[in-house]
Number of protein chains: 2
Amino acid sequence: MVKPFDKMEVEITTEEKILIAARKVFIEKGWDGARMQEIADNAGINKALLHYYFRNKEQLFKRVFAGIVGKLIPNLNTIIQSEQPIFEKIQSFIDAYIDFLLANQELPLFVANELSRNANLIVGAFEENGLKPMVGQMVMEIFQAIENKQIRPINPAHLLMSIVSMCVFPFMGRSIFQKVLMQVPEEMYQELLKQRKKEIYEMVYHSIVL
Amino acid sequence: MVKPFDKMEVEITTEEKILIAARKVFIEKGWDGARMQEIADNAGINKALLHYYFRNKEQLFKRVFAGIVGKLIPNLNTIIQSEQPIFEKIQSFIDAYIDFLLANQELPLFVANELSRNANLIVGAFEENGLKPMVGQMVMEIFQAIENKQIRPINPAHLLMSIVSMCVFPFMGRSIFQKVLMQVPEEMYQELLKQRKKEIYEMVYHSIVL
DNA sequence: AAAAGGTTTAACCATTTGGTTAAATATGGC
DNA sequence: GCCATATTTAACCAAATGGTTAAACCTTTT
């Protein structure tokens with residue numbers, strides 16, 4: 001029962017409370033639907049204090065967004081850079097992607113949305129943080145794998161597009177899948193999502209193996 | 001140079017002008033971002049007349065949304081019901097889906113968005129119009145194809161999920177793909193989209209053929 | 001020409017919302 | 001106890017927005 005000596009650092013500051021609340025509300029409602037009052041309520045403070053910490057909605061949004069994009073891309077780049085045979089690398093890529101999505105299910109729709117409505121603002125958020133996914137390298141590796149007769153000839157850009165699509169769409173288009181197409185209850189859909197890792201890899205494997 | 005005898009029917013009524021404008025603005029800005037004034041401007045009329053035709057924003061939105069969902073689903077159901085061998089049916093499905101998406105590129109993101117924010121309202125729009133995609137039948141056919149040793153064993157739900165994902169995500173997540181991941185100019189991305197039909201089918205074919 | 005419905009103009013209203021302000025209060029470090 | 005910072009309270013403001021209203025105007029039908 002000894003107090004940890006870094007106890008002070010585990011305290012949640014008001015700024016963190018605000019960022020957590022803002023993240024939640026922005027993701028849930030989008031930029032247009034998000035209300036500063038609701039963010040304040042969620043953070044357990046009042047509007048005056050909210051504006052005391054973040055001058056305006058835009059500044060707060062930028063901070064939230066930067067925090068979001070700063071998580072996935074480095075994660076994926078690490079995998080891309082790792083030294084593994086092509087099939088294992090693809091599997092690791094899918095695994096990491098799905099794991100991240102399972103833990104951040106509403107993120108893709110939010111990002112796609114804001115990105116398409118407010119491109120300038122958002123693309124800046126990526127560049128300011130020096131975040132660029134290393135897609136080029138992945139394309140090169142697929143090219144080499146084709147030349148080395150490890151996999152059948154296929155357009156690398158499309159292969160990557162397909163892999164990412166199969167990973168992300170069940171989350172991003174979840175409302176369409178779950179409520180319109182498949183009409184299954186929540187838990188069942190979550191079960192499907194968990195199976196995706198294996199299913200996607202098998203699909204990709206069979207589609208490129210010689 | 002003879003006037004068509006049904007000339008009267010090609011005139012665009014004010015109601016149609018409104019619906020076209022509303023569709024555009026709603027898709028572009030979403031429910032939260034759409035402004036009645038902007039819709040009126042786009043339709044070339046004023047706000048008073050807009051409210052004269054549609055009592056309020058919600059009513060107008062419902063009409064617009066009903067018109068949108070009323071297009072894709074019957075289209076796909078026709079293909080599902082057609083009598084074709086499994087591989088051809090899959091190819092037809094992909095073709096029809098991509099064709100529709102090429103002609104309605106911003107639709108998926110809009111639908112997913114509104115669906116996730118306003119589920120009750122929207123799911124109603126589907127049911128009121130008696131629109132249900134016949135996914136069940138497609139699943140059955142895939143099951144039979146497996147039993148008949150036409151394709152390798154695979155979870156039909158996941159196969160469908162993957163096909164739909166590969167078709168829709170390049171449109172729905174276009175902003176992410178184009179601006180963040182691939183960083184290619186507009187025309188090049190359009191070129192990629194047109195190639196998708198063939199690429200997806202080949203991917204699916206190789207992944208299930210025995 | 002009268003009637004009827006579509007259309008415009010323009011003012012108006014209530015509400016919401018982002019943002020501000022100022023004064024009061026709490027809190028912790030010195 | 002003093003000072004700076006954090007926080008609350010509560011009122012306030014300007015702009016945007018959905019929606020209304022009433023009078024005038026235009027066009028077509030009867």
Side-chain angles (χ1 to χ4, degrees), chain A residues 3 5-65 110 113-114 117-118 120-122, chain B residues 3 5-65 110 113-114 117-118 120-122:
Chain A
K3 274 187 195 170
F5 59 81
D6 58 352
K7 192 203 167 211
M8 294 188 313
E9 302 195 9
V10 296
E11 285 172 10
I12 292 184
T13 68
T14 301
E15 189 175 330
E16 284 168 332
K17 280 198 300 184
I18 292 175
L19 285 172
I20 291 169
R23 183 190 148 104
K24 187 189 163 204
V25 175
F26 275 129
I27 289 178
E28 224 169 66
K29 308 282 178 75
W31 163 271
D32 286 322
R35 297 286 161 252
M36 295 298 271
Q37 185 61 59
E38 193 179 349
I39 292 174
D41 291 346
N42 260 275
I45 60 167
N46 53 8
K47 215 173 47 164
L49 190 60
L50 177 59
H51 281 90
Y52 174 79
Y53 274 89
F54 295 91
R55 204 163 274 108
N56 53 43
K57 193 179 178 182
E58 185 173 325
Q59 211 177 97
L60 179 55
F61 183 82
K62 275 186 180 173
R63 274 287 295 276
V64 168
F65 204 86
F110 169 71
N113 224 0
E114 302 304 329
R117 290 215 213 296
N118 214 341
N120 356 338
L121 181 78
I122 308 294
Chain B
K3 274 188 197 171
F5 60 80
D6 58 351
K7 193 201 168 215
M8 293 189 311
E9 302 195 10
V10 295
E11 284 171 11
I12 293 182
T13 68
T14 301
E15 188 175 330
E16 283 167 333
K17 281 197 298 185
I18 293 175
L19 285 172
I20 291 169
R23 184 190 147 103
K24 188 190 163 204
V25 174
F26 275 129
I27 289 178
E28 226 168 66
K29 308 284 178 76
W31 163 270
D32 285 322
R35 297 286 161 250
M36 294 299 271
Q37 185 62 59
E38 193 179 348
I39 292 173
D41 291 345
N42 259 276
I45 60 169
N46 53 10
K47 216 173 47 167
L49 191 61
L50 178 58
H51 280 89
Y52 175 79
Y53 275 88
F54 296 90
R55 204 162 273 108
N56 54 42
K57 195 179 177 182
E58 186 173 326
Q59 212 178 93
L60 178 56
F61 183 82
K62 276 186 179 172
R63 274 288 294 276
V64 168
F65 203 85
F110 169 71
N113 224 357
E114 303 304 329
R117 289 216 214 297
N118 214 341
N120 358 337
L121 182 77
I122 308 294

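Lettering follows sequence order; numbering is per chain, from 1. Just so we're clear, the structure is a prediction, and the values are computed from it rather than from any experiment.
Atom pair A/D32:CG and C/dT17:P shows a separation of 12 Å (rounding to whole Å applied). Taking atom NE2 of residue A/H51 and atom P of nucleotide C/dT17, one finds them 13 Å apart after rounding to whole Å. When rounded to the nearest whole Å, the span between CG of B/L50 and C1' of D/dT21 equals 16 Å. Separating the CD atom of B/E38 from the C1' atom of D/dA16 is a distance of 14 Å, rounded to the nearest angstrom. Rounding to whole angstrom units, CE of residue B/M36 and C1' of C/dA14 are separated by 17 Å. Remark: C1' of D/dT17 and CZ of A/R35 are 11 Å apart, rounded to the nearest angstrom. Rounded to a whole Å, the NZ atom of A/K57 is 12 Å from the C1' atom of C/dT16. Here D/dA16 presents its C1' atom at 14 Å from CG of B/D41, a figure rounded to the nearest Å.
In plain terms, the two heavy atoms of B/I45 and B/L50 that are nearest each other are CD1-N, 3.8 Å.
At least one donor-acceptor pair closer than 3.5 Å links the side chain of B/R117 to the backbone N or O of A/E28. When atom types are taken as modelled, the side chain of B/E114 and the backbone of B/W31 share a donor-acceptor pair closer than 3.5 angstrom. Side-chain N or O atoms of B/E38 include none that pairs as donor or acceptor with a backbone N or O of B/R35 at under 3.5 Å.
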Could you pull out the protein-nucleic contacts involving nucleotides 3-9 of chain D (nitrogen or oxygen on both sides, under 3.5 Å)?
| from | atom 1 | to | atom 2 | distance (Å) |
| --- | --- | --- | --- | --- |
| D/dA6 | OP2 | A/Y52 | OH | 2.6 |
| D/dT7 | OP1 | A/T14 | OG1 | 2.6 |
| D/dT7 | OP2 | A/T14 | OG1 | 3.2 |
| D/dT7 | OP2 | A/Y53 | OH | 2.5 |
| D/dT8 | OP2 | A/N46 | OD1 | 3.4 |

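Here B/A34 lies in heavy-atom contact (under 4.0 Å) with sugar-phosphate atoms only.
Sparse packing is recorded around NZ of A/K24, with 12 or fewer heavy atoms of other residues, nucleotides or ligands lying under 6.0 Å away.
Between B/R55 and D/dG19, a side-chain N or O to OP1/OP2 separation shorter than 4.0 Å is absent.
B/F26 has its ring centre no less than 6.0 Å from the ring centre of B/F110.
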